[in-house]
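Okay, so here's the structure we're looking at.
To find a chain, count down the sequence lines: A is the first, B the second, and so on, and within it residues start at 1.
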There are 2 protein chains.
Amino acid sequence: MASSPQRIDPTQLSAYFALIEVSSLLRHAVEQQLRDAGDLSYVQFQLLARLGASPSGSYRMTELADGVVYSRSGLTYQAQTLEQRGLVTRSPSVDDDRGTTVTITAQGREVLEQVFPGHIALLTEMLFEPLEPDHVEALADVLGRVRDHLRAAPPRSAAPRRRKAT
Amino acid sequence: MASSPQRIDPTQLSAYFALIEVSSLLRHAVEQQLRDAGDLSYVQFQLLARLGASPSGSYRMTELADGVVYSRSGLTYQAQTLEQRGLVTRSPSVDDDRGTTVTITAQGREVLEQVFPGHIALLTEMLFEPLEPDHVEALADVLGRVRDHLRAAPPRSAAPRRRKAT
DNA sequence: TATTGTTATACTCTATAACTATA
DNA sequence: TATAGTTATAGAGTATAACAATA
């Protein structure tokens, strides 16, 4: 594959390094905040937040997994955990008896609200404080491009979950 | 704690979301590539890469941990793993008998070289392909600011567990 | 047959606390 | 006393494969 040695220039390198360092530090701090404020892992928070943002408060397992890049069993594990804590319910889907519909509970929304302010505060403090409005805009623009690119063209390494080899 | 409800605007929100999504996808893909190409976790790669970039090929445990945000025991664990694979050696530090000096081996450098091309290729493909030079520059600039900010002012949540003010 | 989701299981990684030994 | 690092250990998370039920 890598027969022609590709190269990246110094600017690219520093962009990459900064991206890694910033996202790592941010992620770490956010995980701690979520843990402290609501005993949630980052993934659990993402799942809850998605459900909370849904008009119906529900998603099917598969939909819920989308974008959170998961093995199905991993999602089942988290859904179980959240259900045991009473933050979501799971019930058979109406339209497809194979499916499971996950719904956020009132208690789930409570936890979400309990966690949000600190989350926002942390982002403000860590990510946005040193940035001017046009920096933020540039960041959203550039990373938005990358995100769209990644969504459109998943790299070869990201297997599309379907596997029928022997 | 958060008595005054902070808010973030839509641009900030989309910057944050894009950052999370991009870094997650990138990280995931990179981890897979490193695993496939050299049976390395991302953390192990970072440690090796650091050692490889050091003039002496060595660091003390504590120095090595810096920035990779670790518990000391976690670093010990990884260092052990790498040592067992013959990618690094550990020996008592010369200047301080309490210390341990970690040094990358020839075999460690081999693995690094074995992994680099694919790593670069993946970055090029996933991160840089959709970006113009000034996008990259903007990214490096903005994230560089954030990184400097984070380095300068660790958030309250980041307990200064192992370092005191230097 | 393909798809949805669960279960069983094994493994990696991380964190806390207790411990050893040097400074 | 404080610091460097290791060890013991426990827990969370993830992935793979086998499986059951439904489409």
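Among pairs with a residue in residues 130-141 of chain A, those fulfilling side-chain hydrogen bond (donor to acceptor under 3.5 Å, both in side chains) read A:H135-B:R145, A:D141-A:R145, at least two apart in sequence or across chains.
Regarding B:R60, its CZ atom lies at a distance of 7 Å from the P atom of D:dA4, rounded to whole Å. Rounded to an integer number of Å, the gap from CD of B:E31 to C1' of D:dG13 is 13 Å. D:dT3 atom P lies 17 Å from atom CG of B:D95, rounded to whole Å. Atom NE2 of B:H28 is separated from atom P of D:dG13 by 16 Å (rounded to the nearest Å). The CZ atom of B:R98 sits 11 Å away from the P atom of C:dT22 (whole-angstrom rounding). Rounded to a whole Å, the CD atom of A:Q84 is 12 Å from the P atom of D:dG13. Summarising the geometry, the separation between CD on A:E83 and C1' on C:dG5 is reported as 13 Å, rounded to the nearest angstrom. Nucleotide C:dT14 holds its P atom 12 Å from the CZ atom of A:R27, rounded to whole Å.
Within 4.0 Å of A:G99, counting heavy atoms only, lie sugar-phosphate atoms of the nucleic acid but no base atom.
Aromatic ring centres of B:Y16 and A:H119 lie closer together than 6.0 Å.
Atom CG in B:L123 sits 5.5 Å away from atom CD1 in A:I8 (nearest 0.5 Å).
Partner B:L87 forms a side-chain contact (heavy atoms from CB on, under 4.5 Å) with one of B:L112, B:I104, B:L40 and no other, that one being B:L40.
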Encode nucleotides 6-13 of chain C as B, S and - characters from 5' to 3', where the letter depends on protein heavy atoms closer than 4.0 Å: B to the base, S only to sugar-phosphate, - to neither.
BB----SS

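Side chain to side chain, B:S93 and B:T101 meet the donor-acceptor criterion of an N or O pair below 3.5 Å.
With distances taken from any side-chain atom of B:S71 to the nucleotides D:dA23, D:dA4, C:dA15, the minimum falls on C:dA15.
In this view, A:R27 and A:E31 satisfy the salt bridge (charged side-chain N to carboxylate O under 4.0 Å, His left out) rule, not counting sequence neighbours.
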